[in-house]
Student: 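Before I ask anything, here is the structure I am working with.
We number each residue from 1, following the sequence as shown.
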Amino acid sequence: MKKIGFQTLGCKVNIYESNALKNELIKRGYEIIEPSLDCDAFIINTCAVTNMAAAKSRKLIHKMRKLNPHAVVCVMGCYSQTSDDVLDIPGVDIIVGNGNKLDILPLLEEKLLDRSIEQKLNRIDILNYHQYEKLEVTSYDHTRAFVKIEDGCENFCTYCIIPYARGPVRSKNADDIIKELKKITESGYEEIVLAGIHTGKYRDQEVNLTGLIKRILCEVPRIKKLRLSSIEINEIDDEFISLMADTEVLANHLHLPLQSGSEFILSKMERKYDLDFFTNKINAIRKVRPNISISTDIIVGFPYETEKEFMETYTYAQKIGFSKIHVFPYSIRKGTKASSMPQVKDSIKKERATRLIALSNELEKQYASLFLNQSLECIVEQSTKDGWMVGHTTNYLQVYLPLDSSYLKKYCRVEIIKLVEGKIFGKIIK
């Protein structure tokens, strides 16, 4: 039996796609193991969202080749789609981009049978690709299941390489999603995350994202909690907000990327909203979900950003009261509009990132304190080496609980009892 080792970088969509390939390889008689000397092949699912991610992808490819010089090395994903320098990395046997990841399977089988076959390149023209690649996952390594419902993005924000890496918006057939979810929940998964590159643009004929969620709630009753990996603020409409008011199955958490709290910088980024729109939408959401957790992404040190624009962002983040801010120092991506704009010094980016992370820590603490001595639904995910269990509540608070293995990978109610040095501690309500 041939042994395959996987390495996955990047987003939840990448995790899903790697799981889909693992499931298919197992069906074909392969064994999936941790990357090691025993592997006959490595499959590396890469990321290219930032320069750092691309560098990490290159480093990982070199590492796998060094780990086992005799294994077949297969590289797929966003880095292999967007970076021609992947062709120059020694020892890469197979290269596949995005949109045709399943092609890696016959190429891998062919190479394993005959190692003398020359390097295989199977990277499609993703910008002209309009078909959704049909992938399915029924088994996961995680407590919650990620289900990919959409691929591609057409926003072309000036800082972002993803439209060039993922191509135009393509949506999965709604009937296929329902079938997949039924299989997953029958296997025991109670929490589902709907994932995509531009999830809010989901559309299968007349079914939009809200319509899809309504179908899921109606036809897959075993789901206890349904999450969205991320959604743009301008794709949350009144119908979606009404649905949030009507059902508790939708988790009490949304991730809404802001990117900047400066109108000037938002215009340079070519985002599709202004701050008044963002604020009004947040207020509408909180009207139906007063204590909802709203996390966000913010880029610091974007071209043209002065201290004035940074402080506008800082102040706006305080005003909104995010539950968590994912802070990203701006990273130049070759081929994007922002790469030719005047750049901010790295030292300034680093200093601003440090200040915004400190704000995020304070906002996290303020948000968590709202739930002291309150009970919340929680899914217990894993145990720690020092005798605790860790889980996430419906509003995505990470909670430490006394060890009781009978609750692992299950839903329960917990009471939040204290906050200590940035950690939240609770107890299970039996």
Student: Would you please name every residue forming a ring-ring contact (aromatic ring centres under 6.0 Å, His included) with Tyr30, sequence neighbours left out?
Tutor: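 Counting only residues at least two positions away or on another chain, Tyr30 forms no ring-ring contact (aromatic ring centres under 6.0 Å, His included).
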
Student: Hey, does Val96 have a side-chain heavy atom less than 4.5 Å from the side chain of Leu107?
Tutor: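 They are in contact (side-chain heavy atoms under 4.5 Å apart), so the answer is yes.
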
Student: Report yes or no: does Gln81 contribute a side-chain atom to a donor-acceptor pair with the main-chain N or O of Tyr164 at less than 3.5 Å?
Tutor: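 Absent.
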
Student: Checking side-chain hydrogen bond (donor to acceptor under 3.5 Å, both in side chains) against Tyr411, which of Glu191, Glu190, Lys225, Lys224 comes through?
Tutor: Glu191

Student: Is there a donor-acceptor pair closer than 3.5 Å between any side-chain N or O of Thr394 and the backbone N or O of Asn252?
Tutor: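 Between the backbone of Asn252 and the side chain of Thr394 there is a qualifying donor-acceptor contact (under 3.5 Å).
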
Student: Parallel, tilted or perpendicular: which fits the ring planes of Tyr396 and His392, with parallel below 30° and perpendicular above 60°?
Tutor: parallel

Student: Is any side-chain N of the basic residue among Glu351 and Arg355 closer than 4.0 Å to the acidic one's carboxylate O?
Tutor: yes

Student: Hey, does Ser229 have a side-chain heavy atom less than 4.5 Å from the side chain of Phe146?
Tutor: no

Student: Do Arg227 and His253 touch side chain to side chain, with heavy atoms closer than 4.5 Å?
Tutor: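 SC-SC contact between Arg227 and His253 confirmed.
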
Student: Go through the steps to decide whether Ser293 and Ser323 satisfy the test side chain to side chain donor-acceptor pair (under 3.5 Å), and finish with yes or no.
Tutor: CA-CA 6 Å; Ser293 168; Ser323 57; 2.6 Å; yes

Student: Quick one about Asn100 and Asp103 (side-chain donor to acceptor, distance below 3.5 Å, no hydrogens or angles considered), yes or no?
Tutor: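 Checked: Asp103/Asn100 side chains pair up, N/O donor to acceptor below 3.5 Å.
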
Student: Decide, yes or no, whether a salt bridge links Glu136 with Lys172 under the criterion of side-chain N to carboxylate O below 4.0 Å.
Tutor: no

Student: List the steps and the verdict of side chain to side chain donor-acceptor pair (under 3.5 Å) for Tyr129 and Asp151.
Tutor: CA-CA 11 Å; Tyr129 188 74; Asp151 205 342; over 6 Å; no

Student: Parallel, tilted or perpendicular: which describes the rings of Phe278 and Tyr273, with under 30° parallel and over 60° perpendicular?
Tutor: tilted

Student: Applying side chain to side chain contact (heavy atoms under 4.5 Å, CB included) to Ser331 and Met52, what does each step give before you reach the verdict?
Tutor: CA-CA 8 Å; Ser331 175; Met52 188 179 294; 5.6 Å; no

Student: Do Thr8 and Tyr16 touch side chain to side chain, with heavy atoms closer than 4.5 Å?
Tutor: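 Not touching, per the 4.5 Å side-chain cut-off.
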
Student: Check whether the side chains of Tyr316 and Ser262 place a donor and an acceptor atom closer than 3.5 Å, and report yes or no.
Tutor: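 The answer is no; no qualifying pair exists.
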
Student: Where the side chain of Thr50 meets the backbone of Ala53, is there a donor-acceptor pair that is under 3.5 Å apart?
Tutor: yes

Student: Using the side-chain hydrogen bond (donor to acceptor under 3.5 Å, both in side chains) rule, pick out the option among His255, Lys324, Glu364 that qualifies with Ser295.
Tutor: His255

Student: Could you tell me if the side chain of Arg115 sits less than 4.5 Å from the side chain of Val72, heavy atoms only?
Tutor: yes

Student: Can you pull out every side chain to side chain donor-acceptor pair (under 3.5 Å) where at least one residue sits in residues 56-66? Sequence neighbours excluded, please.
Tutor: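 Found Arg65-Asp93.
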
Student: Can we say Glu305 and Arg352 salt-bridge, meaning some charged N sits less than 4.0 Å from an Asp/Glu carboxylate O?
Tutor: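 Salt bridge flag = yes for Arg352 with Glu305.
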
Student: If we only count heavy atoms from C-beta on, is the Tyr400 to Ile424 side-chain gap below 4.5 Å?
Tutor: no

Student: Under the rule for salt bridge (Lys or Arg N to Asp or Glu O under 4.0 Å), what residues qualify as partners of Lys12, not counting sequence neighbours?
Tutor: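 Applying salt bridge (Lys or Arg N to Asp or Glu O under 4.0 Å) to Lys12 gives none.
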
Student: For Ser18 and Asn45, test the side chains for any donor-to-acceptor distance below 3.5 angstrom and give the result as yes or no.
Tutor: yes

Student: At their closest point, which heavy atom of Phe277 faces which heavy atom of Asn234, and how far apart are they?
Tutor: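 Nearest pair, atom of Phe277 first, then Asn234: CE2-CA, 3.5 Å.
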
Student: Within the supplied structure, the quantity of interest is the number of heavy atoms (other residues, nucleotides, ligands) at a distance under 6.0 Å from Gln374 CD; does it exceed 12?
Tutor: yes

Student: Run the ring pair (Phe, Tyr, Trp, His ring centres under 6.0 Å) check on Tyr367 and Phe322 step by step: do they pass?
Tutor: CA-CA 8 Å; Tyr367 180 73; Phe322 293 109; over 10 Å; no

Student: Are any of the side-chain heavy atoms of Glu309 and Thr313 separated by less than 4.5 Å?
Tutor: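 Glu309 does not reach Thr313 side chain to side chain.
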
Student: Report the residue from Arg271, Lys201, Lys272, His198 that forms a side-chain hydrogen bond (donor to acceptor under 3.5 Å, both in side chains) with Glu232.
Tutor: Arg271

Student: His326 vs Phe328 aromatic rings, parallel, tilted or perpendicular, using cut-offs 30° and 60°?
Tutor: parallel

Student: If you round to the nearest 0.5 Å, how far is CG of Leu397 from CG of Leu370?
Tutor: 9.5 Å

Student: Are Arg222 and Ile184 close enough, and set up right, to give a side chain to side chain contact (heavy atoms under 4.5 Å, CB included), and what steps lead you there?
Tutor: CA-CA 10 Å; Arg222 291 182 187 226; Ile184 289 167; over 6 Å; no

Student: Any idea which heavy atoms bring Ala41 and Leu108 closest together, and the distance?
Tutor: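 In this case the closest contact between Ala41 and Leu108 is CB-CD1, 3.6 Å.
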
Student: Would you check if there is a donor-acceptor pair between the side chains of Thr210 and Asn208 at a distance under 3.5 Å?
Tutor: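 The answer is no; no qualifying pair exists.
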
Student: Do Phe302 and Tyr330 have ring centres separated by under 6.0 Å?
Tutor: yes

Student: For the side chain of Asn14 and the backbone of Gly10, is there at least one donor-acceptor N/O pair under 3.5 Å apart?
Tutor: no

Student: Against Ile104, only a single residue in Ile94, Leu25, Val75, Ile95 fulfils side-chain contact (heavy atoms from CB on, under 4.5 Å); can you say which?
Tutor: Ile94

Student: Testing the basics here: between Ile332 and Asn51, what is the closest heavy-atom pair and its distance to 0.1 Å?
Tutor: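 Scanning both residues completely, I find the closest heavy atoms to be O-ND2, 2.5 Å.
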
Student: Holding to salt bridge (Lys or Arg N to Asp or Glu O under 4.0 Å), I want the full list of residues that pass it with Asp125, two or more places apart in sequence or in another chain.
Tutor: none

Student: Show, in sequence, the C-alpha distance, side-chain angles and deciding distance for Val193 and Leu228, and conclude whether the side chain to side chain contact (heavy atoms under 4.5 Å, CB included) test is met.
Tutor: CA-CA 5 Å; Val193 182; Leu228 298 176; over 6 Å; no

Student: Would you tell me whether Asp204 and Tyr132 have side-chain atoms, one donor and one acceptor, within less than 3.5 Å of each other?
Tutor: no

Student: Thinking salt bridges, do Lys148 and Glu17 make one under a 4.0 Å N-O criterion?
Tutor: yes

Student: Specify the closest pair of heavy atoms between Pro303 and Ala338, including all atoms of both residues, with the distance to one decimal.
Tutor: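 Minimum heavy-atom contact is CG-O, 3.8 Å.
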
Student: Determine whether a donor-acceptor pair (N or O, by modelled atom type, separation under 3.5 Å) exists between the side chain of Thr247 and the backbone of Val249.
Tutor: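 Yes.
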
Student: Residues in salt bridge (Lys or Arg N to Asp or Glu O under 4.0 Å) with Glu263, at least two apart?
Tutor: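 With sequence neighbours excluded, Glu263 shows a salt bridge (Lys or Arg N to Asp or Glu O under 4.0 Å) to no residue whatsoever.
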
Student: Show your reasoning for whether side chain to side chain contact (heavy atoms under 4.5 Å, CB included) applies to Ile292 and Met244.
Tutor: CA-CA 10 Å; Ile292 189 171; Met244 292 185 72; 3.4 Å; yes

Student: Is the closest side-chain heavy-atom distance between Leu21 and Leu102 below 4.5 Å?
Tutor: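 Counting from C-beta outward, Leu21 and Leu102 do come under 4.5 Å.
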
Student: Under the salt bridge (Lys or Arg N to Asp or Glu O under 4.0 Å) test, which residues partner Glu312, sequence neighbours left out?
Tutor: Lys308

Student: Given 3.5 Å as the limit, does a donor-acceptor pair link the side chain of Arg215 with the main chain of Val207, or not?
Tutor: no

